[in-house]
There are 2 protein chains.
Amino acid sequence: MTHDAYTPHNHHHCIDAALNNARSLCAEQGARLTPIRQRVLELVWSSHKPVGAYDLLPTLAAEGFNSAPPTVYRALDFLLGLGLVHRISTLNAFIGCSQPNTDHASCFFICRDCGKAQELAASEVQALTAQVERALGVKVEQQTTELTGLCPACLEQH
Amino acid sequence: MTHDAYTPHNHHHCIDAALNNARSLCAEQGARLTPIRQRVLELVWSSHKPVGAYDLLPTLAAEGFNSAPPTVYRALDFLLGLGLVHRISTLNAFIGCSQPNTDHASCFFICRDCGKAQELAASEVQALTAQVERALGVKVEQQTTELTGLCPACLEQH
DNA sequence: CGTAGAATTGCAACATTATAACTCAATCCA
DNA sequence: TGGATTGAGTTATAATGTTGCAATTCTACG
């Protein structure tokens, strides 16, 4: 990773990278990145902040897309299925996945002040999974972790 | 911990322990464990499965309590505030806290087959927090972790 | 080509989860 | 006692997410 959500950067690169990821993943899987799906992905990636499904509707409507809830939820479900976005359950919101080719864990740190979220590296969460499997004798299939607190920039301002 | 959610046990002990915890915590904090709050806590503890707020309404109604949504949400908010229950965001549900006197992390393993949830020990999650704080330079204030998979009993049946 | 089957989208209604606003009653405490 | 605070009742509504079905578009195959 060349930067994280809390480091200033040219955000167009993030969007471009996400779209390229999506295109190659869809090609690989024979899935169709239709206009509405691509646009939803772009909108989700328009910031590093989790975005609610209903927040997308006005923009889609203004751009001439159908904007009923099922439309946006179907696009999000499609992107979730490919691992291109994650759902942040504690916020009922969605965010782009920065590591769509690796595991399916959905692990984020979310700044409570600026709202930006940063996906955690796999190495940071695998140890927990392994330890829980050992301690409880269970098989972990899916991991959701949502840490909240203050990011470096917001820490400075306090 | 003498047992976990996946080990057969006399569940009355769990409920009794939860109520005792609640009573002493309320006494300590000068908070009032009113009938409806106590009943909601009992109902949440009636199994080791996360329970939805709306699932509680019929039972409360049958017992003569007011059963409009605000009533149950207020009771749950009270219990959440004292750390006596946790919210499972991925399920929009609530579950009793087995360690109300320690930290405020809300970390669970949830069996996708039988639905029972087991709170994780603090030691199992603190390492992740520490590692994220180091890696990102952030300050973690709150942790939510929801692992899904198969518990020991359900593993055997597959 | 052209058509059958599959995938996608449009659309309307509805389900679920949670909160707001205002009132009245109970409790606390000086 | 009496004023302040907290809790509960009530109604309405907001926010989030889903179902079901018809219409359309795409794709693959003969």
Side-chain angles (χ1 to χ4, degrees), chain A residues 22-23 25-41 43-44 49-82 84-95 106 115 144 146, chain B residues 22-23 25-41 43-44 49-82 84-95 144 146:
Chain A
R23 278 189 274 261
L25 193 57
C26 286
E28 198 178 289
Q29 311 247 335
R32 289 161 54 197
L33 191 64
T34 60
I36 201 159
R37 290 170 175 172
Q38 173 169 335
R39 190 68 185 117
V40 166
L41 182 59
L43 291 175
V44 166
K49 301 179 190 178
V51 58
Y54 277 68
D55 295 338
L56 303 174
L57 296 182
T59 307
L60 291 174
E63 296 177 359
F65 290 99
N66 176 40
S67 67
T71 298
V72 89
Y73 278 104
R74 282 193 286 233
L76 288 168
D77 285 346
F78 172 84
L79 298 168
L80 283 167
L82 289 180
L84 292 165
V85 305
H86 288 297
R87 201 178 119 83
I88 305 289
S89 299
T90 53
L91 300 176
N92 292 331
F94 301 84
I95 191 164
S106 174
T144 296
E146 293 164 22
Chain B
R23 278 189 275 263
L25 192 58
C26 286
E28 197 178 289
Q29 311 248 333
R32 290 161 54 196
L33 191 64
T34 60
I36 203 160
R37 290 170 175 174
Q38 172 169 335
R39 191 66 185 118
V40 165
L41 182 60
L43 291 175
V44 166
K49 302 179 189 177
V51 58
Y54 277 68
D55 297 336
L56 302 174
L57 296 181
T59 307
L60 290 173
E63 295 176 359
F65 289 99
N66 175 40
S67 67
T71 298
V72 88
Y73 277 103
R74 282 193 284 235
L76 287 168
D77 285 346
F78 172 83
L79 298 168
L80 283 168
L82 288 180
L84 292 165
V85 305
H86 288 297
R87 203 179 117 82
I88 305 290
S89 298
T90 53
L91 300 176
N92 291 332
F94 301 84
I95 191 164
T144 297
E146 292 164 22

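In the text below, chain A, chain B and the rest are named by the order of the sequence lines, each starting its count at 1.
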Ring-base stacking, B/Y54 with C/dT16 (5.5 Å, 30° cut-offs): no
Centroid distance under 5.5 Å and plane angle under 30°, A/Y73 vs D/dT18: no
[N] [atom2] sits how many Å from [X] [atom1], rounded?
X: A/Q38; N: C/dT9; atom1: CD; atom2: P; value: 12 Å
X: B/L33; N: D/dA8; atom1: CG; atom2: C1'; value: 15 Å
X: B/F78; N: C/dA18; atom1: CZ; atom2: C1'; value: 20 Å
X: A/F65; N: C/dG10; atom1: CZ; atom2: P; value: 9 Å
X: B/D77; N: D/dT6; atom1: CG; atom2: C1'; value: 15 Å
X: A/R87; N: C/dT17; atom1: CZ; atom2: C1'; value: 12 Å
X: A/N66; N: D/dC21; atom1: CG; atom2: P; value: 19 Å
X: A/I88; N: D/dG17; atom1: CD1; atom2: P; value: 12 Å

Sugar-phosphate only, base, or nothing, as touched by A/R74 at under 4.0 Å among non-hydrogen atoms: base
Sugar-phosphate, base or nothing in reach of A/N92, heavy atoms under 4.0 Å: sugar-phosphate
Heavy-atom donor-acceptor pair, A/E146 side chain to A/S89 backbone, under 3.5 Å: yes
Backbone N/O of A/L60 and side chain of A/R39: donor-acceptor pair under 3.5 Å: no
Selected nucleotide, minimal atom distance to B/T34 side chain, candidates D/dT11, D/dT19, D/dG7: D/dG7
A/R32 or B/A93, whichever maps to the more 5' nucleotide of DNA chain C: A/R32
Flag side-chain contact, heavy atom, 4.5 Å: A/V85 against A/V40: no
Contact check, side chains of A/L25 and A/L84, non-hydrogen atoms, under 4.5 Å: yes
Nearest-nucleotide 5' precedence on DNA chain D, B/A31 against B/P70: B/A31
Reference residue B/R87; test side chain to side chain contact (heavy atoms under 4.5 Å, CB included); the match among B/I95, B/T144, B/N92: B/N92
side-chain N/O B/T71 vs D/dG9 OP1/OP2, d < 4.0 Å: yes
